[in-house]
Amino acid sequence: MPRGRPSSALRRRLLLLGLPAAVLAGAATQSVRVGADAPDRWWSPGEGRVFPATLDYTNDHGTIRTLVVDGPIETKGHPFFEPIGTNGRACVTCHQPADGMSLSARTARERWDATGGKDPLFAAIDGSNCPTLPQGERASHSLLLERGLLRIERPWPVRSFNGKPVKPDFRIEVVRDPNGCNSGPGRGPEAGNISVYRRPRPVANLKYLLAVGFPFDPKQGYALPLDPDDGKPQSGNLMADNRAGNLRLQMEDAAASHLQLMGKLTPQQIDRIRDFELRIYAAQQESVQGGALDTLGAEGGPVKLRDSQPGALGSIGTPVWSEFAAWDRISPADAARLTPEQLAFRQSVARGARVFRDRTFLIFDSAGINSRMGFGNPVRNSCVFCHNMTQMGNDVAPGQVDLGTTTLPFADPWDDLPLFRVTCLGEPHPHYGRVILTYDPGFALTSGKCADVGKITLQSMRGLAARAPYFSNGLAKDLRAVVDYYERRYNIGYTEQEKQDLVNLMSVL
Amino acid sequence: MKSAATLLALLAPLSAHAAETGALVRFVSCPVYRDADSGKKSGCWLADDPATGLRWDVSHSPYKPDVGMGVLVEGRVSAEAPTACGAPVLEPVRTSRLDTPCVRHVLPAEGYPGRKFKLPPRNIQPLSVARPVPPGPYSERTFVTYFEFDRDFLVYQYDDFIIDNAVTWLRAAKPKKLIITGYAATQPETVTGRKLAERPQVAQQRADAMAETLSRLLPGLPIETRAKLAAQPTDHPDADGIPGQSQRRAEIRAVF
């Protein structure tokens with residue numbers, strides 16, 4: 001049945017009519033992102049569109065599907081979709097269905113071009129490199145336009161963590177401030193705040209990010225902290241720096257910062273946003289090269305995510321990315337029904353899943369893994385060591401790990417990001433020593449601990465095809481750049497074939 | 001004080017690499033990683049005892065070394081053949097990371113396979129798996145957790161297992177309160193010519209770390225903490241017969 005894809009416009013109309021995907025099979029192939037997606041690719045705040053139960057959008061790699069349990073949803077009056085703050089934005093502004101409920105840098109550029117920079121997305125507060133810059137100029141929004149980054153302002157010093165007072169065990173100084181948001185009147189650590197720049201994280205499949213697999217956080221060396229609202233253990237898997245332990249805290253943070261909401265979200269708004277967040281799933285559904293991702297035994301797409309129990313550790317249950325295991329053994333009869341390109345691609349995806357799980361390399365100097373836990377430094381393991389949750393590829397344990405993406409020497413030498421000098425006042429950092437140069441201290445801005453500098457919470461790995469660039473600071477411009485980063489970070493020695501297999505795998509998640 | 005002759009007698013079989021199975025070995029050195037590859041977590045940890053020149057396979061430790069840091073090795077000579085990593089094996093064994101820097105030594109596999117990873121016996125079930133309720137009657141009972149030298153950090157697949165079992169029992173037993181006593185091995189001992197003693201503060205830190213964890217797992221249960229210095233060895237089974245490990249502990253006592 002996998003035979004290329006219908007035009008997205010046609011597909012969307014059929015889907016809106018409620019026709020199953022099977023009906024669409026056999027329609028004409030189209031492999032590029034099409035203009036036909038316009039005008040409704042972009043969801044503007046307050047449009048009042050209906051959010052269908054199933055909604056597809058094309059991207060370079062194929063089609064991403066969002067699925068709303070018990071949908072459709074009326075977005076009119078819905079606090080996720082309405083501009084409930086003061087700057088005209090809604091949550092959906094940065095969490096777009098076509099972008100896997102995140103926001104790609106390309107979409108940001110398209111919005112700039114379509115609106116001359118007037119879209120509320122570019123609000124001075126965090127949609128520009130700094131509110132103090134001339135807002136009409138494209139250059140003032142370069143981080144959002146080039147790398148999809150939003151400004152995140154964190155208070156400094158950290159005063160409490162998990163409900164207990166803390167005093168940071170490090171000092172932070174600004175080495176370089178290219179955007180002016182970490183120095184000057186009222187800005188920067190001296191003035192009680194720090195600005196870092198981060199990618200929006202996808203708002204979909206959240207039951208996985210909230211799932212608790214085991215009662216401990218082995219990276220911090222304690223039982224999991226308890227949710228202040230319901231007293232249950234928290235997963236610790238929200239936000240790059242884990243500053244919000246549950247969805248309520250997250251949305252209050254988002255409303256006050258991104259939406260510039262002056263008051264507080266009402267209990268009804270909180271409930272409705274949470275309800276939507278827990279009902280929406282997103283994953284790649286079709287591949288340009290491979291065809292439909294849920295055929296010949298494969299279980300790609302959001303349905304599987306909706307129907308599975310979250311929080312399972314792949315190493316003791318269903319291995320991570322088993323969704324594509326059936327493509328490891330495509331029968332000759334089935335193979336004959338595929339184009340040679342589709343067959344080769346599907347086999348590559350299945351190999352990619354095995355490379356992800358089984359191709360080991362030496363992981364070294366990554367705090368959270370190589371310290372303080374006792375895995376040893378180095379330790380031999382594979383991608384799945386950290387990305388270990390079945391179906392999702394985030395970390396079952398709270399996923400604060402220092403991959404080096406935001407910290408020298410492993411981060412790219414980017415002079416358009418602020419650079420901070422962190423000095424550990426107590427124990428030196430186990431791998432960087434006493435003085436650390438970083439663009440974003442990550443989790444340390446939440447915990448106040450020097451040992452946590454550079455740790456970023458592992459994200460969902462779903463819908464990657466729709467939301468380049470990757471990593472919290474947009475360091476990897478495409479999927480190949482993700483693999484190249486790991487190759488450089490850990491001297492892996494992947495073959496060209498292994499790299500391509502990993503890229504193909506990631507393109508279908 | 002042992003005589004020089006006894007000491008020599010103790011050392012002699014070791015230097016011949018024929019140490020009696022079960023003999024205790026304790027030294028400080030720099031760890032060596034051998035990049036053996038039988039899949040995930042299969043690499044070898046080795047350490048050379050500077051006093052004897054003997055190389056030991058210390059890979060069985062529940063907390064493993066860091067190539068950049070000194071290591072305190074404490075273990076017992078095992079009968080396991082030296083085939084996995086190319087050195088006689090200590091098991092049970094502990095490898096504590098010390099604050100002294102080391103030159104990083106990584107050896108190639110040189111034909112040694114390392115060990116295919118098996119889940120250690122002390123591993124916990126996911127929360128989705130119900131824990132059987134331990135039968136009563138319940139009365140005063142003490143659980144013991146163990147630490148790396150001079151640290152208060154909960155050891156993965158060791159302490160979490162002990163605590164998980166303790167909490168299952170405590171939930172059923174419903175004691176009135178917990179008294180957690182952190183111990184520190186503060187009396188200096190000379191190991192490999194180096195005076196080793198834990199910081200006195202680590203006793204209270206251990207008690208506090210356990211108290212924080214137990215307050216999260218058993219919210220509302222009153223917890224008192226205490227600290228004891230100059231910890232002496234015990235023969236509690238979870239210390240696996242390693243005296244140093246048994247000293248570095250916290251005791252969680254359920255009081256009714």
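Keep in mind it's a predicted model, so treat the numbers as computed, not measured. Naming: A, B, ... by sequence-line order, numbering from 1 per chain.
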| remark: Turns out that what part of Phe385(A) lies under 4.5 Å from chain B's heavy atoms comes down to side chain
| field | Heavy-atom contact with chain B under 4.5 Å, split by part of Ser382(A) | value | neither
| Given the rule in the side chain to side chain contact (heavy atoms under 4.5 Å, CB included) test, do Asp99(B) and Glu427(A) qualify, once you have shown the distances and angles that lead to the verdict? | CA-CA 10 Å; Asp99(B) 288 336; Glu427(A) 296 277 291; 4.3 Å; yes
| task | Let me know if Gln125(B) has heavy atoms under 4.5 Å from chain A in its side chain, its backbone, both or neither. | result | backbone
| query | So which part of Arg151(B) gets closer than 4.5 Å to some heavy atom of chain A, the side chain, the backbone, both or neither? | reply | neither
| query | Looking at CG of Leu217(B) and CG of Leu224(A), how far apart are the two atoms once the value is rounded to the nearest 0.5 Å? | reply | 8.0 Å
| message | I'd like to know whether CD of Gln309(A) has more than 12 heavy-atom contacts from other residues, nucleotides or ligands below 6.0 angstrom. | response | no
| query | Hey, which of Leu226(A), Asn377(A), Asn381(A) has the most heavy atom pairs under 4.5 Å with chain B? | reply | Asn377(A)
| Do Glu212(B) and Lys164(A) have side-chain heavy atoms sitting under 4.5 Å apart? | yes
| field | Toward chain A, the part of Pro219(B) with a non-hydrogen atom under 4.5 Å | value | side chain
| said: Taking side chain as everything from C-beta outward and backbone as N, CA, C, O, which of these in Pro31(B) sits under 4.5 Å from a heavy atom of chain A? Side chain, backbone, both or neither. | reply: neither
| request: Would you confirm whether Thr213(B), through its side chain, and Ala223(A), through its main-chain N or O, come within 3.5 Å as a donor-acceptor pair? | output: yes
| request: Check whether any side-chain N or O of Arg380(A) sits under 3.5 Å from a backbone N or O of Lys41(B) as a donor-acceptor pair, and report yes or no. | output: no
| Is Asp66(B) salt-bridged to Arg372(A), cutoff N-O under 4.0 Å? | no
| message | I'd like to check Arg216(B) versus Pro233(A) (side-chain heavy atoms, cut-off strictly below 4.5 Å). Are they in contact? | response | no
| task | Counting only heavy atoms closer than 4.5 Å, note whether Asp365(A) contacts chain B via side chain, backbone, both or neither. | result | side chain
| said: If the contact rule is any heavy atom under 4.5 Å from chain B, which residues of residues 209-222 of chain A qualify, in numerical order? | reply: Val212(A), Gly213(A), Phe214(A), Pro215(A), Phe216(A), Pro218(A), Lys219(A), Gln220(A), Gly221(A), Tyr222(A)
| Any side-chain heavy-atom pair from Tyr156(B) and Phe375(A) closer than 4.5 angstrom? | yes
| query | Which bit of Val155(B) comes within less than 4.5 Å of chain A, counting heavy atoms only: side chain, backbone, both or neither? | reply | neither
| request: For residues Pro126(B) and Ile316(A), determine if any side-chain heavy atom of one lies less than 4.5 Å from a side-chain heavy atom of the other. | output: yes
| With chain A, which of Phe117(B), Tyr158(B), Tyr63(B), Phe153(B) has the greatest number of heavy-atom pairs at distances under 4.5 Å? | Phe153(B)
| Segment of Asp37(B) engaging chain A (4.5 angstrom heavy-atom cut-off) | both
| note | Distance col, row Ser371(A):OG vs Arg97(B):CZ, nearest 0.5 angstrom, shows 7.0 Å
| Best-contacting candidate, Asn162(A), Val379(A), Leu362(A), against chain B by heavy atom pairs under 4.5 angstrom | Leu362(A)
| message | For Ile363(A), which atoms come within 4.5 Å of any heavy atom of chain B: side chain, backbone, both, or neither? | response | neither
| Contact origin within Pro378(A) toward chain B - heavy atom pairs under 4.5 Å | both
